[in-house]
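Read through the structure below, which is laid out as structure tokens, and then see the notes.
Quick caveat: nothing in here was measured; it's all calculated off a predicted structure.
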Amino acid sequence: MSAICGAVSLNGKKIGAKECSILKSAFSDCVIDRWEEIKEDDIYMGCGIQYFTKEAVSEQLPIKAQEFFFDADVILDNRKALLKRLHFEEQDAVTDGRLLYLMLQKYGESCQNDLLGAYAAVWYDRKKKEVTVLADAVGYRYVYYLIRDDVFYYSSLMRPLEELCGELKINERWVADYIGQDNLNAFTEAEETPVLGIYRTAPAGFLKITQKDIKKRCYWQPYQKKKKTVYKSDKEYKKHFLDLYRECTACLLRSPGETAVLLSGGYDSTSVACLAAKELEKCGKKLYSFTSVPFHGYEPDVGKGYITDETELVQKTADVVENLECTFMNMPEMNCWYDRKKYMRISEIPYKSPQNMLWIYEGMRQAYEKNARIMLGGMFGNGTVSFDNAMVYLTWLFRRGRWITLYREVCGINKKLHFTKKSVLQTAVKDSFHKKVKKADREALFGKSFVREDYLKKNGSDKRLLRLDKKIQKCSYSHKAYQQAFLTADTLRHYGEYMQKNSLFTGVIMRDPTRDKRMIEFVTSLPYGQFTHNGVRRRLIAEYMKDIVPAHILKEKGMGRQSADLKQRLLPFSSQIEEEWKENYKKFSGSTCIDCKKALTGLEEKGIKDMTDFEIVRHIFTNILLEYLEAKKSYNVDRRVD
């Protein structure tokens with residue numbers, strides 16, 4: 001795995017030393033183990049290699065073979081199958097970069113769906129004057145790119161491309177969609193950035209670039225898979241699921257040192273931890289877990305049904321999983337407002353979940369200190385291994401007249417969750433006759449945010465976000481709608497955008513077996529009854545993994561909530577923070593995208609003490625955006641524009 005960057009002149013123009021320096025120097029603060037590069041008159045390729053796997057130590061990237069140049073940021077998860085296909089022995093010392101190069105050299109575009117892992121690759125055919133770019137299917141890695149004066153620039157970081165693009169111009173469409181969503185979603189598409197002219201590769205993205213044009217396509221869309229997986233018995237479904245989950249987890253455990261996991265008290269990360277610990281135990285290794293917990297003195301204030309401190313649950317898991325060594329991070333100095341500028345330098349673009357970004361980054365940083373270069377997680381689990389379709393399933397049964405099965409499920413939910421049979425059945429019937437999506441409530445969508453609605457209209461964001469709202473509504477009563485709304489390139493971008501930056505700056509890569517391409521394909525092909533059966537919800541883990549996941553996790557009814565101490569961390573500084581927000585709203589009162597008067601009025605009426613967590617977060621991400629836009633404006637003023 002690597003940080004990559006480069007410049008390719010499509011018209012033979014010489015790449016200057018200054019351009020090469022700008023590209024390479026952007027990574028000076030990243031955790032790079034070794035830097036390699038190729039420099040010729042019309043091409044520069046750089047690769048900052050990070051030793052995430054034992055093979056990476058001998059990795060040689062970039063590659064030049066006659067008039068063909070290749071650069072890659074890559075970990076391949078199905079090495080064994082690919083080596084066999086290329087007639088290598090498993091023990092042959094073939095690095096992941098070389099393996100990807102050989103696959104593309106032999107099979108070209110036809111092998112895209114045969115590659116599993118985390119990767120972004122750029123190759124240039126000098127004879128054809130053609131650049132090709134490829135990114136992995138599930139959005140782990142990507143490159144930003146810029147085309148200026150017939151030169152194709154690419155980089156794992158956005159920063160050097162900003163220096164190379166001339167005058168920075170803000171992409172107002174991106175800004176409008178970002179701030180117009182009054183929630184924690186940051187993206188509505190997969191390729192644009194806040195800066196006009198700078199793009200990034202989409203998950204499953206494939207590009208061909210020449211002087212004449214750019215051709216793009218997406219080579220994998222999981223929800224378009226039509227074939228259903230049908231086995232004769234639940235026993236077979238269980239076996240295939242567990243075999244696949246073990247495989248998806250085991251292939252990630254290639255660290256030459258230690259392995260870590262971000263662990264909560266929930267189904268997803270615990271199931272990952274149990275499978276990984278079992279594999280690591282075979283070679284006498286520990287699994288190091290990192291759990292975010294509230295600071296000492298925190299007083300729970302989020303109501304019943306939430307678990308704000310998962311220390312006890314995780315510790316009980318460690319009592320069962322003997323090679324699990326736990327670290328509980330209470331991070332007493334963490335403050336998501338005062339730490340914003342430090343994290344903005346890492347994220348490079350505005351972010352919306354400040355309370356979670358910081359502890360995830362800190363967990364990765366601490367993992368590096370324990371010599372763990374790979375960190376596991378289960379962040380995508382709600383969409384795959386612990387997908388809950390109970391009410392959608394009941395609606396589906398009602399619509400098809402499956403009365404016996406419907407009654408069995410209603411009775412099961414009544415017994416396990418203690419909802420009355422009547423209320424469960426009424427909900428299913430009501431959803432069954434839900435023929436039309438409700439007209440979007442503009443007040444609910446935009447009314448509480450601080451975005452100027454005329455700015456949304458100007459950039460077409462009001463219509464885009466209204467269409468998105470319709471998609472989300474449909475998810476509640478249609479499996480197909482759920483897949484088409486959730487398993488999309490922009491969703492996968494959301495899971496990978498900031499994690500790549502964390503990886504570059506901590507020297508640790510985050511991997512998630514619940515987001516494996518094979519797991520997504522498997523889960524989306526299952527019959528609906530595999531997720532809910534006899535009242536058992538989230539069945540793939542709750543029932544099929546009951547001999548693997550500790551009983552206390554499966555029995556727990558509460559929902560874990562990380563960063564529940566958000567408000568209490570800010571309260572000691574609330575007066576100062578509120579004053580800084582007010583100063584910003586006054587300073588940026590002329591903003592075309594933010595209604596600073598509305599934000600200021602709301603702040604004067606209600607301080608941090610009386611706000612909900614999301615109201616606090618809304619002020620934070622609004623201010624982050626205002627400061628970002630001002631910084632880009634100042635950037636143009638402070639430098640000489642070429």
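Below 30°, between 30° and 60°, or above 60°: for Phe522 and Phe241 the angle between ring planes is below 30°, a parallel geometry.
Ring-centre distance between Tyr237 and Tyr231: below the 6.0 Å cut-off. Aromatic pair Phe380/Phe486: ring centres closer than 6.0 Å. The ring of Tyr528 has its center no closer than 6.0 angstrom to the ring center of Tyr393.
For the residue pair Thr317 and His552, a side-chain donor N or O sits within less than 3.5 Å of a side-chain acceptor on the partner.
Contacts classified as ring-ring contact (aromatic ring centres under 6.0 Å, His included) and involving residues 283-303 (residues at least two apart or in different chains) are not found.
A heavy-atom distance below 4.5 Å is not found between the side chains of Thr201 and Glu191. The closest side-chain heavy-atom distance from Leu466 to Leu468 is not below 4.5 Å. With a 4.5 Å cut-off on side-chain heavy atoms, Glu543 and Lys238 do not count as touching.
A salt bridge does not link Lys517 to Asp77: none of the charged nitrogens lies less than 4.0 Å from a carboxylate oxygen. With respect to the salt-bridge test (charged N to carboxylate O, under 4.0 angstrom), the residues Glu247 and Arg518 qualify.
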- Task: Output, in order, the C-alpha distance, side-chain angles, deciding distance and verdict of ring pair (Phe, Tyr, Trp, His ring centres under 6.0 Å) for Tyr343 and Tyr351.
- Result: CA-CA 9 Å; Tyr343 193 72; Tyr351 58 95; 5.1 Å; yes
